[in-house]
Amino acid sequence: MTASVARQDHVSEEGIQFLVDGFYAKVRRDPELAPIFLRAIPGDWGPHLNKMYAFWSSVMLRTGRYKGNPVVKHFAVPGIQPALFERWLALFKETADELFDDAISAEFQARAERIAESLKLALFYRPDRPWPPVTVQSGSGGPVGPGPA
């Protein structure tokens, strides 16, 4: 994004589309996330992007456009791990910061963080295991403390 483009000071359907498009362009280039997403969406990204426009419209503008179950969809994604959500959030923050003023970007980020935590809990939390998940250091076999959640 060039410095001459003013960051938006409100949420709109058009702004949501810019955010979704910019974010997923970064995801598709990211060495950690791209393989996961490309396995989940091997062909036409149009339907996924349209679903994400509706999702964020529902989240930010309360339009009710999104009809779906994100937990069920994410259960079906091979290779998804709790630590990947931190990378997802970092790219999302970067994109929101590029497009929106500080207040609106912070609002998007706060909702994204709650959504990520809800998904992680639904996908990975088990009462018989510690939360956040404990990271095992490669080769040691032993826990080294809480991993990135």
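The structure presented is a predicted model; accordingly, all values stated were derived computationally and were not measured.
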Residue pairs meeting side-chain hydrogen bond (donor to acceptor under 3.5 Å, both in side chains), one or both in residues 42-52, sequence neighbours left out, come to Tyr24-His48
Is a donor on one side and an acceptor on the other found under 3.5 Å between the side chain of Arg87 and the backbone of Glu32? no
Just do the side chain to side chain contact (heavy atoms under 4.5 Å, CB included) check on Ile80 and Phe124 with the steps written out, would you? CA-CA 10 Å; Ile80 193 168; Phe124 305 110; 4.1 Å; yes
Sub-4.5 Å side-chain heavy-atom contact between Met60 and Phe108: yes
Can you name the nearest heavy-atom pair linking Arg39 to Gly79, along with the distance? NH2-CA, 4.0 Å
Return the set of residues passing side chain to side chain donor-acceptor pair (under 3.5 Å) with Asp97 (not counting sequence neighbours), or none when no residue passes. Lys93, Ser105, Gln109
Check ion pair Glu117-Arg114 (N to O, under 4.0 angstrom): no
Could you tell me the separation between the CG atom of Leu61 and the NE2 atom of His10, rounded to the nearest 0.5 Å? 9.5 Å
Find out whether Leu123 and Phe85 are in side-chain contact, i.e. whether some heavy atom of one side chain is under 4.5 Å from a heavy atom of the other. yes
Between Trp56 and Phe23, is the ring centre distance below 6.0 Å? no
One should read off an interatomic distance between Ile16 CD1 and Thr63 OG1, to the nearest 0.5 angstrom, of 7.5 Å
Which atom of Leu89 lies closest to which atom of Ala116, heavy atoms considered: CD1-CB, 4.0 Å
Closest heavy-atom pair and its distance - Phe100, Gly15: CZ-O, 3.6 Å
Residues passing the side chain to side chain donor-acceptor pair (under 3.5 Å) test with Asp21, sequence neighbours excluded, are Tyr53
Distance col, row Leu84:CG vs Lys120:NZ, nearest 0.5 angstrom, shows 10.5 Å
Side chain to side chain donor-acceptor pair (under 3.5 Å) involving Lys26 - partner list, sequence neighbours excluded: Glu94, Thr95, Glu98
Closest non-hydrogen atom pair between Ile104 and Asp101, with its separation: N-OD1, 3.0 Å
Could you check Leu91, Ile41, Leu38 and say which one makes a side-chain contact (heavy atoms from CB on, under 4.5 Å) with Val27? Leu91
Note, Asp102 side chain near Arg7 side chain (heavy atom, < 4.5 Å): yes
For Tyr66, give me all partners under ring pair (Phe, Tyr, Trp, His ring centres under 6.0 Å), at least two apart in sequence or on another chain. Phe55
Taking only residues two or more places apart in sequence or in another chain, which ones pass side chain to side chain donor-acceptor pair (under 3.5 Å) with Arg65? Glu13, Ser57
